[in-house]
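See below for the structure under consideration.
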Amino acid sequence: MDNVRCTSICTWTENWVEEEDITTNILSRLPVKSLLMCKSVSKRWRRLICSPDFVLSQLRWSRENPSLIFFLRYENELIKISGEVFERIPLPFGQRPNNCDMICSFNGFICLTNYIGRNHNILIWNPATQEVQLLPTTTLSKKPPKIGVAYGPGTYKLFRIFYPASKSQPGYCECEVYSSITRSWKGIGSVTYWPMSSKHVSINETVYWFISAEKDRTVAGSILAVDLEENFRKISLPEEVSRNLSLVDLEGCLSLISIHVEANRFDLWVLQDYKNEAIWFRKCSEDMPILEIGYVFSVVAQKNEILFMLVERYFLYNIGSRTWRELDWGDVLRRKYPTAFAFTESLLPCTGTIGT
């Protein structure tokens, strides 16, 4: 009798676990807005959707199916594009500040900055859940600081490189780091290099910025990298690159797009290793018929495709098929000079740490 009861319990447990796995697999594929509604279906679903394992499962699925999000200059909203679906997302300010900028997108979050007087406000915003977190006050800087975010599955660090306003002599710039675990800033000392802008890519828990060449400060000469362990490193560029460069995340690899305007082509370089010295591999070199149409002002990669943005038109290059196609986005983005980012929806809280 005891054996029968034990067998029944084991069978019930196995069936329950299997059903739970199936439910997780189905629900994790839903948009976050739908998941927020599903939490009201039952206590069991609410407990499942709020569990750390489910939050990470949903994030993994979302990363496999990213969309694009566009920050529009002088507009009070973002535009999210998933396939043929357009979604307008109002910024969390109410009325847009004059000096607002979008720094990056990561783990379903958007990092926004704005200036009020000499104060530099930094916000972490989850547009899917509408949660917003204003980070603590930072050290005053003589010039607009450069920002980058390194992140893992359930944590992030924000690196802020700046020139302290309290020092009379320029000297070296300094860096302070915000951790989602401690929820506070800490100074980590001087930094030798000043990034060209806050535009960066974050791959495998490491931030990458361009830094200027020594002879011409308007041209990228190398790359500055810093990881979650706060280790800085300088990475050299391939010798055969142009002045028109973009850093992109190509399927989890740091990649470099070099546009040669006069030759009407672009080269795609992939970084293979940089522990001892930078080893770059030229993945492809392709003609660019779109350069006859206009100037490429921004580039972003998504999976194995690269989006080239012109003033009024948008072209997608597929690396696998080596084909171009023009995207029919009409007047939605035309003449708005947007900045594009790959975007993944997430249930993560703005603290970035699951379970807090």
Side-chain angles (χ1 to χ4, degrees), residues 31-37 39-40 46 49-50 52 55-56 58-59 62-63 66-82 87-139 144-160 176-185 198-200 202 207 338-356:
V32 169
K33 287 184 180 180
S34 299
L35 289 172
L36 296 177
M37 291 188 289
K39 289 168 66 175
S40 302
R46 181 181 182 84
I49 293 170
C50 292
V55 171
L56 291 178
Q58 183 278 331
L59 180 59
S62 185
R63 283 178 176 168
S67 55
L68 288 172
I69 202 158
F70 294 83
F71 179 78
L72 309 179
R73 302 296 174 185
Y74 315 114
E75 299 287 336
N76 202 37
E77 63 185 7
L78 304 177
I79 292 182
K80 177 186 169 188
I81 301 180
S82 302
E87 180 183 357
R88 297 181 181 273
I89 305 175
L91 292 174
F93 300 110
Q95 184 174 0
R96 178 192 174 115
N98 292 330
N99 296 318
C100 173
D101 197 11
M102 179 172 170
I103 301 301
C104 65
S105 165
F106 68 101
N107 278 357
F109 304 131
I110 288 174
C111 179
L112 296 168
T113 65
N114 74 287
Y115 287 91
I116 300 176
R118 296 182 66 189
N119 293 322
H120 182 222
N121 294 328
I122 304 174
L123 293 91
I124 303 298
W125 171 42
N126 186 327
T129 64
Q130 288 300 307
E131 183 187 1
V132 182
Q133 181 183 14
L134 176 64
L135 300 192
T137 304
T138 55
T139 306
K146 311 303 182 184
I147 295 172
V149 179
Y151 61 93
T155 185
Y156 65 85
K157 285 185 178 180
L158 192 146
F159 294 85
R160 180 177 180 267
E176 55 188 8
V177 182
Y178 175 85
S179 168
S180 62
I181 297 176
T182 63
R183 303 188 194 181
S184 61
W185 292 96
S198 285
K199 188 173 182 179
H200 66 281
S202 184
V207 184
T339 305
F341 302 86
F343 179 72
T344 57
E345 282 196 337
S346 168
L347 287 163
L348 282 170
C350 283
T351 58
T353 305
I354 301 175
T356 61

Would Q58 and I49 count as a side chain to side chain contact (heavy atoms under 4.5 Å, CB included) if you check the C-alpha gap in whole Å, the side-chain angles of each, and the deciding distance to 0.1 Å? CA-CA 9 Å; Q58 183 278 331; I49 293 170; over 6 Å; no
Side chain to side chain contact (heavy atoms under 4.5 Å, CB included) evaluation trace for K80 with L78: CA-CA 7 Å; K80 177 186 169 188; L78 304 177; over 6 Å; no
Give the C-alpha distance, both sets of side-chain angles, the deciding distance and a yes or no for side chain to side chain contact (heavy atoms under 4.5 Å, CB included) between W185 and L158. CA-CA 9 Å; W185 292 96; L158 192 146; 3.3 Å; yes
For W125 and Q133: C-alpha separation, side-chain torsions, deciding distance, then whether side chain to side chain contact (heavy atoms under 4.5 Å, CB included) applies. CA-CA 6 Å; W125 171 42; Q133 181 183 14; over 6 Å; no
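In terms of heavy-atom proximity, L348 sits nearest to S346 at N-OG, 2.9 Å. Minimum interatomic distance between E345 and S62 (heavy atoms only, all atoms of both residues): N-OG, 2.8 Å. Residues P349 and F109 share a closest heavy-atom pair of O-CZ, 2.9 Å. Between C104 and F341, the closest heavy-atom pair is CA-CE2, 3.7 Å. In this structure, N114 and C100 approach most closely via the heavy-atom pair CB-CA, 4.0 Å. The two residues S202 and V149 come nearest to each other via the heavy atoms OG-O, 2.8 Å.
A side-chain donor-acceptor contact under 3.5 Å links N107 to the backbone of G152. Side chain of N121 to main chain of L134: no donor-acceptor pair is present (N/O by atom type, distance under 3.5 Å, no hydrogens or angles). Side-chain atoms of S82 do not come within 3.5 Å of backbone N or O of S67 as any donor-acceptor pair. A donor-acceptor pair under 3.5 Å is formed between the side chain of E176 and the backbone N or O of T139. In this structure, the side chain of E131 engages the main chain of C350 through a donor-acceptor pair within 3.5 Å. S105 contributes no side-chain N or O that, together with a main-chain N or O of F343, makes up a donor-acceptor pair within less than 3.5 Å. Looking only at distances, a side-chain donor or acceptor of S198 sits under 3.5 Å from a matching main-chain atom of I147.
Using cut-offs of 30° and 60° on the angle between ring planes, the pair Y156 and F106 is perpendicular.
With rounding to the nearest 0.5 Å, the separation of CG in L112 from CD1 in I122 is 10.5 Å. Atom CE in M102 sits 9.5 Å away from atom CG in L91 (nearest 0.5 Å). Once rounded to the nearest 0.5 Å, the distance linking CG of L36 with CG of L347 reads 6.0 Å. Between the CZ atom of F70 and the CD1 atom of I79 there is a distance of 8.5 Å, given to the nearest 0.5 Å. Atoms OG1 and CD1, on T339 and I69 in that order, are 12.0 Å from each other to the nearest 0.5 Å. Rounded to the nearest 0.5 Å, atoms NZ (K33) and OG1 (T129) are 11.0 Å apart.
Taking 4.5 Å as the limit, some side-chain heavy atom of H200 sits within range of a side-chain heavy atom of I103. Side-chain contact between S180 and I124 is absent, with no heavy atoms from C-beta onward closer than 4.5 Å.
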